Amino acid sequence: MLAVHFGAGNIGRGFIGSLLYQANYHTIFVDVNDEVIQKLNEKQQYNVRLAAETSKTLTVKNVSGINSISNPNKVIQAIVEADIVTTAVGPNILPVISELVAEGLRERLKSSKKPLNIIACENMIGGSSLLKEKVMEHVTKEEFITFDTMFGFPNAAVDRIVPNQSHHDLLEVSVEPYYEWVVEETAIKGEKPSIEGITYVSDLTPYIERKLFTVNTGHTVPAYVGRYLGYTTINDAMNDKTVQEIIRGALTESGEALIQAYQFDREKHQAYVDKIIERFMNPYISDEVTRVGRGPIRKLGPQDRLIRPATMYMDVTGKAPRYLAKTIAAVLEYHNETDEEAVKLQQMITNKGYEKTVQLVSELDVDHRLIPVVMKQLEEMKALTG
Ligand SMILES: NC(=O)c1ccc[n+]([C@@H]2O[C@H](COP(=O)([O-])OP(=O)(O)OC[C@H]3O[C@@H](n4cnc5c(N)ncnc54)[C@H](O)[C@@H]3O)[C@@H](O)[C@H]2O)c1
Ligand SMILES: O=P(O)(O)OC[C@@H](O)[C@@H](O)[C@H](O)[C@H](O)CO
């Protein structure tokens, strides 16, 4: 069995790659990082270490790599032979890989009648649907129906904290023990991939929203409020009383929105929140606030982890989401010269001001009630820290 996985980064190697190996796949990683690709081909294996009190190590074998810049034809051939295609490249890169995926699928149709599923494992709503939309932009009208019939793009939710790595061995990855991979069964074409660790569901929406608006919403608090307060790691930020108050408050607000939208059981949802806070405090993982805070413009997007739960909360309760607004205010104060989106956000703020910037990036109506709530929290935050 052959898996082609785009993105040999943290979650690619540390999560998807390890489950594929355990399900007896040979995984070809496709990446633009030549150093990682060369090492994968040289070693053909790597270690995944569980960051816990009793650390266990899994050696992931049967792996190789292709550099998609220097060897696009090899990627196309790999897609021809694949039994599954997965991605973990980041939401902004899905459009970038779409043409190559389309070429691979087109080539496959010349010699195979076997359906194929392409699963985007990204932190976003509708990741595989977006990839499908972008792939279809490279397909002719005549090809469209065949592509649509033969190739499934089931959406997915993936959860495992995999920080940036700094091991002597370039391929080694430390990961938290917890994981969850939920896939939309109804969009599968042909046989359902048998991979232990995947939970198939008929409607992914409650799962992806629960994950994104709890794990990722929660994560923004130690990242942005933590950075504002001068912390560099998530663990250190999580030990701060202000961060603890804001994370509990923000997750109560997003929780209320989710509970009312999907009729989640309150007690079970609270247990889910408590478990997540515990995961953020895992002393065996060191995660940087700049990794978790990367891409602040994406994170202020209309469907993403802050704006969407904040507007859902306002819609269901009629109240102002104080803690989510505080966190959005902290995003507006996020400075990081090495993060392109952070630089762009600050340039927008300099040119257009806070209010216009938040309105533009969140795509909220100019008179949306959330905007003054965020501005009020921003003022309070600045007054507190002088
Ligand atoms: N790290 C986590 O804790 C975690 C958990 C769940 C989901 N995710 C999601 O997984 C995705 C990847 O995150 P990550 O943390 O692994 O990031 P990462 O930066 O470690 O990995 C991304 C990889 O994609 C590669 N890449 C970039 N452009 C490419 C291209 N054109 N073709 C092929 N590969 C390309 C990069 O070189 C890199 O190796 C994101 O959507 C993220 O939100 C991450
Ligand atoms: O990957 P991002 O940039 O969307 O979000 C940063 C973190 O919140 C994220 O990577 C989490 O660690 C992960 O989603 C946990 O499952």
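Predicted, not measured: the structure shown is a model, and the values here were computed from it. Just so you know, ligand 1 is whichever comes first in the structure, and atom 1 is the first atom listed for that ligand. Residue numbers count from 1 along this sequence.
Contact annotation: for Val36 versus ligand 1, there are no heavy atoms closer than 4.0 Å. At a heavy-atom cutoff of 4.0 Å, ligand 1 is contacted by no atom of Met124, backbone or side chain. If you look at Met124 next to ligand 2, there are no close heavy atoms at all, none under 4.0 Å. Here Arg305 has side-chain heavy atoms under 4.0 Å from ligand 2, and that is the only part of it that gets that close. Contact annotation for Cys121 and ligand 1: only backbone heavy atoms (N, CA, C, O) come within less than 4.0 Å of the ligand. When non-hydrogen atoms are compared, ligand 1 lies under 4.0 Å from the side chain of Arg294 (C-beta onward) but not from its backbone.
Contact between Glu122 and ligand 2 is absent, with no heavy atom of the residue lying under 4.0 Å from the ligand. Ligand 1 does not have Glu176 within reach: every non-hydrogen atom of the residue lies 4.0 Å or more from it.
Close contacts of ligand 2 with Asn123, meaning ligand atoms under 4.0 Å from a residue heavy atom, involve 1 (O), 2 (P), 4 (O), 5 (O), 9 (C), 10 (O), 13 (C), 14 (O). Listed by number with element, the atoms of ligand 2 under 4.0 Å from a non-hydrogen atom of Arg294 are 1 (O), 2 (P), 3 (O), 10 (O).
When Asn123, Val162, Val292 are ranked by how near their heavy atoms come to atom 43 (O) of ligand 1, first place goes to Asn123. Here the shortest heavy-atom distance to atom 30 (C) of ligand 1, taken over Val158, Val32, Asn92, Leu212, belongs to Val32. When Ala156, Ala157, Ala88 are ranked by how near their heavy atoms come to atom 22 (C) of ligand 1, first place goes to Ala88. Which of Ile11, Asn216, Asn10 comes nearest to atom 13 (C) of ligand 2 through a heavy atom is settled by distance: it is Asn216. One option in Arg160, Arg291, Glu180, Arg298 has a heavy atom closer to atom 12 (O) of ligand 2 than any other, and that option is Arg291.
Ranking the protein heavy atoms by distance from atom 10 (O) of ligand 1 puts Ile11 CG2, 3.2 Å first.
Ring-plane geometry between Phe151 and Phe147 is classed as perpendicular, the angle between the planes exceeding 60 degrees on a 0 to 90 degree scale with a lower cut at 30.
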